[in-house]
There are 2 protein chains.
Amino acid sequence: MSRALHSFVASDLATCQTGAVPAVRSARERARAELTRDITDEARRQLEAAGASALSLRAVARELGMASSALYRYFASRDDLLTALIVDAYDALGEVAEAADATRVRGDIAGRWRAVCAAVRSWALAHPHEYALVYGSPVPGYRAPERTIIPASRITVVLAAVVRDAAAAGVLAAGDVGWALEEPLAADAARVADTAMPGVPPHAVVRGLIAWTQLFGIVSFELFGHLTGVVEAPEAFFNASVAMVGTFVGLPGDPGPA
Amino acid sequence: MSRALHSFVASDLATCQTGAVPAVRSARERARAELTRDITDEARRQLEAAGASALSLRAVARELGMASSALYRYFASRDDLLTALIVDAYDALGEVAEAADATRVRGDIAGRWRAVCAAVRSWALAHPHEYALVYGSPVPGYRAPERTIIPASRITVVLAAVVRDAAAAGVLAAGDVGWALEEPLAADAARVADTAMPGVPPHAVVRGLIAWTQLFGIVSFELFGHLTGVVEAPEAFFNASVAMVGTFVGLPGDPGPA
DNA sequence: GCCTCCTTGTGAGCACTGCTCTTGTTAATG
DNA sequence: CATTAACAAGAGCAGTGCTCACAAGGAGGC
C-alpha cells in the first residue's frame with residue numbers, strides 16, 4: 001500500500017513537472033498516472049463546489065464517464081481519495097506560504113511574517129472547503145496517515161524559518177517572562193528548537209507555537225462563521241492580529257504596511 | 001417553525017428544571033417534549049460514539065423502536081437535529097465555563113482566566129465530537145441558524161467578563177502599542193466594548209478577541225491532531241499559552257498555579 | 001355521547017451512497 | 001503465440017435521507 005502510493009506520487013510529479021522519462025514508463029503506467037490525476041482533479045472540483053461530505057465516488061466516476069467500481073482500482077476507498085486531496089491541500093498551502101515568504105528579502109522579518117500569514121488567510125478564503133478538509137474537524141473515523149505529516153509540516157517550516165532568521169539576525173526580542181517553563185513543555189520547546197529553530201530560546205519557541213495556533217484559530221473562526229456578529233471587518237482584525245502576535249513572539253516591530 | 005422550536009425549548013427546559021406546570025400542558029405536549037428529548041439524547045449518544053457524519057436518523061429511530069419516518073414529526077431534517085445538538089453543545093460549554101468562573105472570587109482575575117480556559121479545554125477533550133460539531137468545519141451546506149448565536153455567545157460572554165472586571169478593577173495593563181487601529185477594526189472594537197466590555201480600551205478589546213481565537217485555535221489543534229509530533233505535552237503547552245496570552249491581553253500576572 | 005379535526009405512527013418507496021464480486025477484455029511479458 | 005496481470009463494467013448488497021399515502025387515536029366543539 002505504502003509502495004503503491006509512493007509510485008503514484010512519483011509518477012504524478014513526473015507528469016506534472018517534466019513530462020519526460022517516457023521510455024521507462026509503459027503506456028499503462030502513463031494512462032494510470034493520467035487517470036489518477038483526472039480523478040483527483042474531478043474530486044477536488046466537487047470538493048470545492050460542495051464540501052468534503054458531498055464528495056461522492058459515484059459522482060466522480062459518472063463525471064469521468066466510467067463505472068464507479070473502476071475507481072477502486074485507483075483509490076482503495078473514499079478515505080483514500082480524501083487523503084490524496086488532503087496531501088494536495090497541504091502542499092498547496094505550503095507552496096503559497098513559501099512563495100509569499102520569497103517575495104521579501106531575507107532580512108525583512110516583519111514583512112515576511114505578514115506576507116506568510118496573509119498568504120495562509122488568502123489561500124483559506126480562496127479554498128474554503130480544502131482548508132476545512134485539512135484544518136476543520138477530521139471526517140469521522142478518519143485518522144491521518146503518516147504520509148500527510150510531511151506536506152503538513154511545510155507551512156510550519158516557513159513560519160519557523162522566519163522566527164529562526166529573526167533570532168539569527170539578533171532582532172528577536174528576549175521575551176523571557178521570569179518564570180520557567182514546565183518540564184515537559186521545556187523538552188518540547190528544546191526539541192522543536194533543535195528541529196526547526198536552532199538558536200531560538202525556549203520561551204520564544206513556545207510563543208512561536210502559540211502564534212501558530214492563533215493564526216489558524218483566527219482563520220478558522222473567520223471561515224467557519226464564528227466571527228459573524230462580533231467582528232465585521234475580519235481582514236482588519238486579521239492584520240492587527242498578525243502585527244500584535246508578531247511582536248508577542250518577539251519579531252521586530254512593524255514599520256507600517258508595505 | 002420558529003414558534004415550534006420556541007415551544008420545544010420552553011417545554012424542554014421546563015421538563016428538565018422543574019418538571020412542574022402540568023396543568024397547562026396536555027398529555028400530548030408532555031409526550032412530545034419527552035420524545036423530543038429522547039431523540040436528542042439518543043442522537044447525542046451516537047454523535048459521541050462515532051461523530052457527526054456517522055449520525056443516522058434511521059439508526060436513532062431504530063434504537064428508539066420507532067419508524068424512521070416518525071422522526072420527521074419532531075425534526076424536519078437531519079440538519080435540524082444537528083442544530084439541536086449544536087445548541088445543546090454550545091449551552092453545555094457555556095455552562096462549564098460559567099461554573100469554572102464561579103469557582104473563583106470575582107477579584108481573582110488570573111485565576112478566573114485560567115479556570116475558564118481550562119474548562120473549555122476539558123470540555124472539548126471530554127466531548128470531542130460535540131466540540132468538532134461546533135468548532136470544526138461546518139457540515140457541508142449547513143448554515144448556522146440564528147437560534148444558535150445566543151447559546152454560542154455564552155462562552156464569549158464569560159471570557160469578556162473577565163477582561164471587563166480586570167479593567168473595572170484597574171488591573172488591566174494599558175497595552176497600547178503606539179499605532180492606531182485601522183478604522184473598521186476600531187469600530188468593531190468600540191461596538192464589542194459597548195456590548196460586552198464597557199470601559200475596556202480598544203487595543204485591549206482586540207487583544208481579547210485575539211486571545212479568544214487563540215484559545216479555540218490551540219484546543220482545536222490539540223483535538224484535531226495538529227500538535228502530534230510537535231507538542232508532546234499539550235496540557236503544559238496549553239497552560240503556558242493561557243498564561244502568556246493572558247499577560248498579552250493585559251490581565252494581571254500569574255502568581256503561580258493554584 | 002358523538003363527531004369531526006389534527007396530530008401521531010407506519011410501511012412502502014425513491015434516489016442516492018460506499019463498496020464487493022463476478023465476468024469479460026485488453027495490454028504487457030515470457 | 002500464449003500466459004498473466006491489470007483493467008473496466010455491471011449487478012448487487014446494505015445502508016442513507018426523505019416523501020407520501022394511509023391507519024389509529026386523543027382533543028375539542030356540538
Side-chain angles (χ1 to χ4, degrees), chain A residues 1 3-5 7-8 11 22-39 42-43 46-47 49-85 139-142, chain B residues 1 3-5 7-8 11 22-39 42-43 46-47 49-85 139-142:
Chain A
M1 180 168 67
R3 209 181 40 205
L5 170 84
S7 68
F8 150 60
S11 55
V24 298
R25 302 208 314 169
S26 66
R28 246 197 189 149
E29 277 173 331
R30 285 200 321 131
R32 179 173 187 84
E34 246 174 66
L35 191 43
T36 306
R37 169 161 284 268
D38 286 349
I39 292 170
E42 176 57 34
Q46 292 194 13
L47 172 70
S53 25
L55 191 155
S56 154
L57 277 185
R58 293 180 107 114
V60 170
R62 210 178 302 134
E63 210 67 28
L64 261 50
M66 62 197 296
S68 66
S69 53
L71 225 144
Y72 286 84
R73 300 269 175 201
Y74 299 86
F75 293 94
S77 70
R78 186 177 176 276
D79 275 6
D80 231 53
L81 178 55
L82 234 37
T83 300
L85 294 180
V139 296
Y142 177 81
Chain B
M1 179 168 67
R3 208 181 36 203
L5 170 82
S7 69
F8 151 58
S11 56
V24 300
R25 303 205 317 169
S26 68
R28 245 191 193 157
E29 277 173 331
R30 286 200 320 131
R32 180 173 187 84
E34 245 174 66
L35 191 43
T36 306
R37 168 160 285 267
D38 286 349
I39 292 170
E42 176 58 33
Q46 292 193 16
L47 171 69
S53 24
L55 191 154
S56 154
L57 277 186
R58 293 181 108 112
V60 170
R62 212 178 301 132
E63 210 66 29
L64 261 51
M66 60 198 298
S68 66
S69 52
L71 225 144
Y72 286 84
R73 301 276 179 202
Y74 298 86
F75 294 95
S77 69
R78 185 176 176 276
D79 275 6
D80 230 53
L81 178 53
L82 265 146
T83 300
L85 293 180
V139 297
Y142 176 81

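Just so it is clear, the values below take in all heavy atoms, side chains as well, and ignore hydrogens, waters and symmetry mates. Sequence lines set the chain letters: A, B, ... in the order given, protein chains first and strands last, and positions in each chain run from 1.
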- Task: Check the distance between dC16(C)'s P and Arg58(A)'s CZ and give it to me in whole angstrom.
- Result: 10 Å
- Closest to side chain of Arg78(A), choosing from dC19(C), dG10(D), dC6(C): dC19(C)
- Answer with base, sugar-phosphate or nothing: what part of the nucleic acid does Leu81(A) contact at a heavy-atom distance below 4.0 Å? nothing
- Message: In whole Å, I'd like the distance from the CZ atom of Arg62(A) to the P atom of dA8(D).
- Response: 18 Å
- Item | N or O in side chain of Ser56(A) less than 4.0 angstrom from dG18(C) OP1/OP2 | yes
- Pick base, sugar-phosphate or nothing for Leu64(A), based on heavy-atom distances below 4.0 Å to the nucleic acid. nothing
- Taken to the nearest whole Å, CG/Leu55(B) to C1'/dT17(C) is 17 Å
- Query: Ala59(A) side chain: which of dT17(C), dG11(C), dC18(D) is closest?
  - Reply: dT17(C)
- Query: Starting at OH of Tyr74(A) and ending at C1' of dG18(C), how long is that distance when rounded to a whole Å?
  - Reply: 19 Å
- Task: For the pair Leu55(A) and Leu81(A), evaluate side chain to side chain contact (heavy atoms under 4.5 Å, CB included) and give the outcome as yes or no after the intermediate values.
- Result: CA-CA 10 Å; Leu55(A) 191 155; Leu81(A) 178 55; 4.1 Å; yes
- Message: What is the distance, to the nearest angstrom, from the CZ atom on Arg73(B) to the C1' atom on dA23(D)?
- Response: 12 Å
- Task: In whole angstrom, give the distance that lies between atom OH of Tyr72(A) and atom C1' of dG12(D).
- Result: 14 Å
- Item | Euclidean distance, Thr36(B) OG1 relative to Arg73(B) CZ, rounded to 0.5 Å | 13.5 Å
- Taking only N and O in the side chain of Ser68(B), is any of them less than 4.0 Å away from OP1 or OP2 of dT16(D)? no
- Query: Starting at CZ of Arg32(B) and ending at P of dG26(D), how long is that distance when rounded to a whole Å?
  - Reply: 17 Å
- Ignoring hydrogens and angles, answer whether the base of dA9(D) and the side-chain atoms of Ser69(A) contain a donor-acceptor pair closer than 3.5 Å. yes
- How close or far is atom P of dA8(D) from atom CG of Asp38(A), stated in whole angstroms? 12 Å
- Candidate pair Leu71(B) and Arg58(B), rule side chain to side chain contact (heavy atoms under 4.5 Å, CB included), full reasoning: CA-CA 9 Å; Leu71(B) 225 144; Arg58(B) 293 181 108 112; over 6 Å; no
- Query: Going through the checks in order, is the side chain to side chain contact (heavy atoms under 4.5 Å, CB included) test met by Tyr72(B) and Leu57(B)?
  - Reply: CA-CA 9 Å; Tyr72(B) 286 84; Leu57(B) 277 186; 3.1 Å; yes
- Message: Please give me the minimum heavy-atom distance between Leu47(B) and Leu85(B), naming the atom from each residue.
- Response: CD2-CD1, 4.1 Å
